[in-house]
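All residue numbers refer to positions in the sequence shown, counting from 1. Both backbone and side-chain heavy atoms feed into the values below; hydrogens, waters and symmetry mates do not. When a ligand or atom number is given, it counts from 1 through the structure's own listing order.
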Amino acid sequence: MILVTNDDGVRSPGLRALAASLAELGQVVVVAPDRNRSAVGHALTLDHPLRAEEVKPQVYAVDGTPTDCVNLGIHGLIRQRPRLVVSGINRGSNVGDDITYSGTVCAALEASLMGLPAFAISLDSQRFDPSDLETAALFARQLAERILAQGLPQETFLNVNVPAGGCRGVMLTHQGKRRYGETVICKQDPRGKNYYWIGGSEIGFENSPGSDCNALADGKISITPLKTNMTHEAAFTELHPWPWNDLMVKT
Ligand code: MN
């Protein structure tokens, strides 16, 4: 059984295309948020109960986050370990600094924490052009087949991004760096109170050969292997000589 989720919500055409394509490989169960929960990251709902509605056979809509869906799906609804968890197809790419904001990527991260093979897949377009969706869905199926046959390296999950308008190849990439405009828009509501909107005006990405951003810019499918443990091993060398014990206030 393959578990499919996303962060755009259970009605997203991206989710439908992904689930339909993966169904060629065997049983697919969809457990997805009942509405758009993009950019909720790895949030887990702890302060209220969750409801799941089986909107179609084997398709559950949950009033929670993508991470809730993976958790609830595996431990509450399906009650078996899926052979693979796939999250997407997201509307818009998830590259560079997007990764930790992304509910799509963090659903795969959650599955990886549970020791399951997983990948997230996003389309680099806000429009779901049918031919782009088909490209992404077919790639997802081929990749899933490969992972089911061969597994993934230990503690690894994949972040897949598919360019729009045709593909010129596939590249293993590292996480790049996106640059956002540092804008917060401030306006007044009809009652004269200020409200704010975090900008998100994207001003490009740092040019870094071999990065996810560069691969998309070159029209290639980007595959970034990620791990859940964020320890920065290389930083130990520089931080080790710091006088850590002197920083501790003696009481
Ligand atoms: Mn999304």
Side-chain angles (χ1 to χ4, degrees), residues 2-22 28-45 50 52 55 59-73 85-113 118-130 132-137 139-140 143-144 157-165 173 175-176 178 180 197-202 205 212-213 215-216 221-224 226 228:
I2 300 174
L3 175 64
V4 170
T5 190
N6 75 346
D7 77 357
D8 294 336
V10 73
R11 286 188 296 267
S12 168
L15 177 88
R16 265 203 304 264
L18 178 64
S21 184
L22 293 176
V28 168
V29 179
V30 174
V31 183
D34 62 356
R35 71 201 78 169
N36 190 339
R37 302 303 301 269
S38 292
V40 298
H42 195 204
L44 185 65
T45 301
L50 294 168
V55 290
V59 178
Y60 296 89
V62 176
D63 60 347
T65 66
T67 291
D68 291 333
C69 290
V70 172
N71 244 282
L72 183 65
V85 176
V86 186
S87 177
I89 299 167
N90 189 62
R91 188 189 291 273
S93 64
N94 279 303
V95 292
D97 303 332
D98 299 337
I99 286 177
T100 44
Y101 296 112
S102 167
T104 307
V105 175
C106 288
L109 185 157
E110 179 68 6
S112 187
L113 284 173
F119 67 89
I121 180 163
S122 307
L123 179 63
D124 186 23
S125 167
Q126 290 300 314
R127 289 181 46 226
F128 274 139
D129 184 273
D132 288 339
L133 261 189
E134 195 189 339
T135 303
F139 187 80
L143 177 60
F157 64 106
L158 302 179
N159 182 33
V160 180
N161 282 275
V162 178
T173 58
Q175 183 182 355
R178 206 192 255 290
Y180 284 98
W197 209 291
I198 293 176
S201 62
E202 192 192 319
F205 57 87
D212 47 13
C213 308
L216 284 183
I221 296 178
S222 162
I223 314 284
T224 312
L226 298 174
T228 58

Subject >> D7, N/O/S atom nearest the Mn ion (ligand 1) >> reply: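 Going through the N, O and S atoms of D7 one by one, OD1 ends up nearest to the Mn ion (ligand 1).
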**OP:** Return the name of the atom in D8, of element N, O or S, nearest to the Mn ion (ligand 1).
**Re:** OD1
Subject >> No-hydrogen, no-angle side-chain donor-acceptor test under 3.5 Å, D132 and T135 >> reply: no
Original post:
Going by atom types alone, do R16 and S21 pair a side-chain donor with an acceptor below 3.5 Å?
Top reply: no
**OP:** Answer yes or no: are there more than 12 heavy-atom neighbours, outside F128 itself, under 6.0 Å from its atom CZ?
**Re:** yes
Original post:
Is it true that a side-chain atom of N161 and a backbone atom of S222 form a donor plus acceptor pair closer than 3.5 Å?
Top reply: no
Subject >> Angle in degrees, rounded to 10°, that OG of S38 and OD1 of N90 form at the Mn ion (ligand 1) >> reply: 170°
